[in-house]
Structure formats: structure tokens, C-alpha cells
Number of protein chains: 2
Amino acid sequence: MLSQAIEDYLKAIYEVETSEGKVSTSALSEKLGVSPASVTSMMKKLSERKLIAHKRYQGVKLTPAGRKIALEIIRHHRLIELYLKEALGVPWDKVHQEAEKWEHVLSEELEDRIDEFLGYPVTDPHGSPIPRRDGTMIVRQCDALVDVEPDTLVKVVEVSDHDPELLRYLGGIGLYPETEMMVVSKQPFKGPIIIELTGKEYTIGRNAAKYILVEKANN
Amino acid sequence: MLSQAIEDYLKAIYEVETSEGKVSTSALSEKLGVSPASVTSMMKKLSERKLIAHKRYQGVKLTPAGRKIALEIIRHHRLIELYLKEALGVPWDKVHQEAEKWEHVLSEELEDRIDEFLGYPVTDPHGSPIPRRDGTMIVRQCDALVDVEPDTLVKVVEVSDHDPELLRYLGGIGLYPETEMMVVSKQPFKGPIIIELTGKEYTIGRNAAKYILVEKANN
DNA sequence: AAAGAAATTTAGACAAGACTAAAATATTTT
DNA sequence: AAAATATTTTAGTCTTGTCTAAATTTCTTT
Ligand SMILES: [Mn+2]
Ligand SMILES: [Mn+2]
Ligand SMILES: [Mn+2]
Ligand SMILES: [Mn+2]
């Protein structure tokens with residue numbers, strides 16, 4: 001059995017690899033809230049176990065074995081998030097925190113029961129794809145809201161789950177995955193983005209707009 | 001926050017205290033699957049934190065603070081067991097194992113949601129009472145099946161959850177908490193006990209019968 | 001009541017995973 | 001291309017929770 005620490009490192013490496021391409025010691029240090037020295041020492045251990053490839057001073061890459069484990073934990077995490085929302089009505093800004101701990105102690109058998117209960121879902125409450133049992137995951141093509149041109153009708157695909165406050169705000173205005181909305185304008189000088197949703201206009205900060213992924217609405 | 005190890009020690013101390021009265025190092029060593037030396041060193045730590053009172057060579061007793069924590073974890077454990085059975089159909093011989101891990105990472109908020117979902121239940125799937133939020137627990141008066149005289153009509157109150165195989169056997173013959181059954185006879189020379197349940201007779205080993213708690217049926 | 005056996009504690013070691021401070025390497029600026 | 005800066009690694013320490021072996025205390029037997 002892998003420790004919770006190892007599982008969280010592998011998950012963090014996977015996420016940084018996906019979003020930034022290169023995985024640096026400092027990025028992991030920041031993401032996991034531990035010192036850079038702690039990251040280096042864990043990298044040594046993961047290398048020995050052949051879960052990552054580590055070139056000194058050059059960052060880190062998952063091996064297929066490491067990626068498989070990362071996706072397994074992400075699968076747990078996302079199934080749990082959706083389960084908590086659907087079965088127990090936990091609000092979407094609270095599910096992440098709970099999943100972060102439960103994901104490490106979920107048995108494969110209970111994972112399967114939850115999956116079945118949910119009807120074999122493909123996305124979590126924030127719109128992130130749920131990895132399959134076999135360790136594969138679909139990747140979608142979409143744009144950050146911050147990069148969309150004004151006057152475009154878009155559909156929300158995914159919202160980052162790491163800032164509960166943002167989630168509460170978005171939930172409050174009814175902005176969820178699958179919601180369609182119109183990008184009205186982008187204010188100059190890094191100002192906010194104005195969107196129209198169910199007839200009303202709302203303001204989304206430039207920074208928040210980086211964490212909202214959308215695709216062009218098909219019509 | 002308390003570590004998982006501390007929580008499991010306090011829970012084990014509570015359980016031994018309840019069932020044996022005196023809590024010895026060796027009883028905890030056996031129950032937790034660690035060496036006696038490990039128990040002693042943890043007892044030292046729990047003493048310093050005023051969660052137990054420890055007299056050298058004389059065993060251990062929970063303080064009110066320690067008992068409160070033990071009951072809090074037991075509450076988690078039993079709510080989880082019942083929840084897994086009711087909401088996800090996990091069979092009663094599997095719920096314990098899952099609860100043993102999940103109990104340590106359940107938030108108070110999710111605990112409350114589960115409690116509400118279940119309609120504020122008072123017993124878990126094995127018939128054990130669920131401690132209340134305030135750290136109190138009802139204690140019931142009942143006898144071990146092994147001590148009941150033949151020709152008595154009894155109602156099952158509680159079955160120990162520690163042996164999955166026993167639970168599967170009992171489930172197979174339909175022996176659950178709340179079930180009524182007739183104690184037909186006790187075979188001599190520490191032989192098995194014969195019970196009658198829904199018209200059929202079944203055999204329960206003397207040892208297993210220690211772990212089945214019953215009360216006289218009221219009629 | 002002394003001897004022997006059993007239970008408990010102490011002493012010392014180890015692995016995991018964190019930290020700080022200092023050294024090594026890489027990157028950026030001048 | 002040096003110098004200055006930023007990043008990463010190494011060295012050494014600490015805490016938690018485990019272990020084995022040896023010493024101590026308590027319990028049981030004679
Ligand atoms: Mn986690
Ligand atoms: Mn899994
Ligand atoms: Mn436990
Ligand atoms: Mn609780």
C-alpha cells in the first residue's frame with residue numbers, strides 16, 4: 001500500500017504536468033505546501049520506486065506506473081466529489097476538501113458501488129473528467145474564459161475546484177458546467193470580463209476567468 | 001488534530017474497558033496488533049496529554065476527555081457502517097473494514113449530513129448503539145446467547161462485527177438484530193447451541209454464541 | 001516465602017516525512 | 001562572459017509510531 005503522502009505527490013505531479021507541462025520542484029513545493037527540500041527528498045524516493053523519472057535540477061516526469069496511480073487517486077477524488085453532491089447534498093464548494101482525505105482510504109469495492117450508484121458518470125461536479133477504471137481519461141479541447149473574444153456564446157465546460165470562495169460566487173449566479181452564457185465584453189487594462197447569463201449581466205475578474213474553461217456553444 | 005493512531009488507541013481502550021473492565025497492555029497489544037512495547041510508549045504519550053490515567057504496571061483508564069474522543073470516533077464508525085449498508089448496499093460483513101479507515105477522516109459536517117440522511121438512527125447494522133453528538137451513549141442490559149437457558153424465546157440485540165465469516169453465516173440464516181428466535185438446547189461438553197429461527201433449526205458454536213447478545217422476548 | 005513464569009517497561013534502533021541552513025547548479029542581468 | 005539572482009539539492013535534525021532485546025515488576029506455583 002502507498003502512503004497518503006506518496007499518493008498526494010503523484011496526483012500533484014500529474015496535475016502540474018497537465019497544466020504547465022514541466023514539473024519543477026518549486027511548483028510542487030507550492031502546490032503541496034511543503035518545503036522544496038521535502039519535495040526533493042520525496043522525488044528521490046519516487047524515483048527509486050520507478051514512479052517518476054527525475055533528472056537532477058531538471059524537473060520530473062511520471063512513468064506509466066506513476067501516471068496510473070495518479071489517475072486512480074484522481075478517479076477516487078472525482079467520484080467522491082460527485083457522490084457527496086448527489087447523494088448527500090454537499091455544496092460544490094465543500095466537496096473537494098472532504099474528497100482530499102477520503103480518496104486515500106476508499107476501497108476498490110466501494111469505488112465500484114459509488115460508480116454504479118451514480119450511473120457511471122464521466123464528469124465531476126466541477127466538470128472535470130473522471131478517469132476510467134483502466135487508468136485512461138478523456139481529454140477535452142477547451143479555452144479559458146479569459147481568452148474568449150467578446151460577443152461569443154459559450155458553454156461552461158469546467159471550473160477549477162481549488163477556491164471555495166470562487167465556487168460560491170459562481171454557484172450564486174448560476175454558473176455551472178453545461179451552462180450557456182454570452183461573453184459581453186472584456187474591460188481594458190486587465191479589467192474584468194462581463195458575461196450575460198439568464199438575462200442578467202455579471203462581472204468575472206480576469207484572474208477568476210483563467211479558471212473557467214469553456215467551449216463555443218454549437219449554435 | 002489527533003492522529004489516526006491516537007484515535008484507534010483511544011477507541012480500543014474504550015472497548016476493552018467496556019468489555020473487560022480492566023485495560024492491560026497485553027489486551028491492547030493484541031487488539032491493535034502492535035507489540036506491548038509500542039503500547040507502553042503510546043500510553044506514555046496519552047498520559048501526558050491527559051487522555052488516560054496510567055499507573056505503571058497497573059493498566060490504564062480513560063479520562064473524561066479521552067472517553068469523549070473515543071465515543072466521537074465510535075460514533076463516526078457506527079454511522080458510517082449503517083450508512084454504507086443503507087445507502088450503498090454494502091453487506092454487513094464488509095462495512096466494518098471500510099469504516100475503520102473512513103472514521104478518521106470524516107468531517108463533523110458530513111457526519112451531520114449522514115446522521116440526517118439516516119433519520120438520526122440509534123443503532124448500527126450489528127445492533128451496537130450509536131453514541132450521541134454530545135458524547136453520551138445509552139447502555140443496554142442484555143445477555144450473551146451462550147448464557148441463555150434452553151427453551152427461552154429471545155430477541156437478538158447485537159452481534160459482534162469483528163469476524164466477517166461469522167457475520168456471513170448469521171446473515172445466511174437470517175439472524176440479525178431485532179430477530180426473534182428460540183433457544184432449543186445447549187449440547188453438553190461445551191457443544192454447540194441449537195436455535196430455532198423461522199421454523200428451522202440451526203447450530204451456533206459455543207464460542208460464536210459469546211458474541212451474540214440477546215434479551216428475553218417480551219411475550 | 002522463595003522460585004519460576006508472565007506481563008510490563010525501558011533502552012536503543014529504524015522508517016517515513018517533514019523542517020532549516022548551507023552548498024551546488026541553473027538562469028538572468030549587466 | 002561575469003556577476004547577481006533564483007532554483008534545487010544536500011546535510012543534518014526532529015517527530016511520530018513502530019520494532020526487538022533486555023531489565024523490571026507482578027503474579028502464580030510450590
Ligand atoms: Mn489527498
Ligand atoms: Mn480506485
Ligand atoms: Mn480506525
Ligand atoms: Mn464526529
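A note on names: the letters A, B, ... follow the listed sequences, proteins ahead of strands, and every chain is numbered from 1.
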Rounded to the nearest Å, what distance is computed from the [atom1] atom of residue [X] to the [atom2] atom of nucleotide [N]?
X     : N      : atom1 : atom2 : value
A/D8  : C/dG17 : CG    : P     : 11 Å
B/R56 : D/dC27 : CZ    : C1'   : 17 Å
A/Q58 : C/dT27 : CD    : C1'   : 11 Å
B/M1  : D/dT16 : CE    : P     : 15 Å
A/M42 : D/dT9  : CE    : C1'   : 16 Å
B/K45 : D/dT15 : NZ    : P     : 11 Å
A/M43 : D/dT7  : CE    : C1'   : 15 Å
B/L10 : D/dG17 : CG    : P     : 11 Å

Considering only [options], which nucleotide approaches the side chain of [X] most closely?
X     : options                : answer
B/A37 : D/dC19, C/dC19, D/dT8  : D/dC19
B/K44 : C/dT10, C/dC19, C/dT8  : C/dT10
B/T25 : D/dT18, C/dG17, C/dT9  : C/dT9
A/Y9  : C/dC19, C/dA18, D/dT26 : C/dA18

(Q) To the nearest 0.5 Å, what is the distance between NE2 on A/H54 and CG on A/L46? (A) 10.0 Å

Think [X] has a side-chain N or O under 4.0 angstrom from the OP1 or OP2 of [N]?
X     : N      : result
B/S35 : D/dC19 : yes
A/H54 : D/dT8  : no
A/S38 : C/dC19 : yes

Q | Donor/acceptor link under 3.5 angstrom from B/Y57 side chain onto base of D/dT24 | A | yes

Q. When the nearest nucleotide of DNA chain D is assigned to A/A27 and to B/R49 on a heavy-atom basis, which residue is associated with the more 5' position?
A. A/A27

Q: Can you establish whether the number of heavy atoms outside A/Q141 located under 6.0 Å from its atom CD is more than 12?
A: no

(Q) Are there over 12 heavy-atom neighbours, none belonging to B/Q187, within less than 6.0 Å of that residue's CD? (A) yes

Q.
I want to confirm an ordering. Mapping A/S3 and A/K22 to their closest nucleotides on DNA chain C, which one lands closer to the 5' end?
A. A/S3

Q. Between B/S35 and B/S38, do the side chains contain an N or O donor and an N or O acceptor separated by less than 3.5 Å?
A. yes

Q) Just checking A/S41: base, sugar-phosphate only, or nothing, at a heavy-atom cut-off of under 4.0 Å? A) nothing

Q. Would you call A/K45 and A/S47 a side-chain contact if the rule is heavy atoms closer than 4.5 Å?
A. no

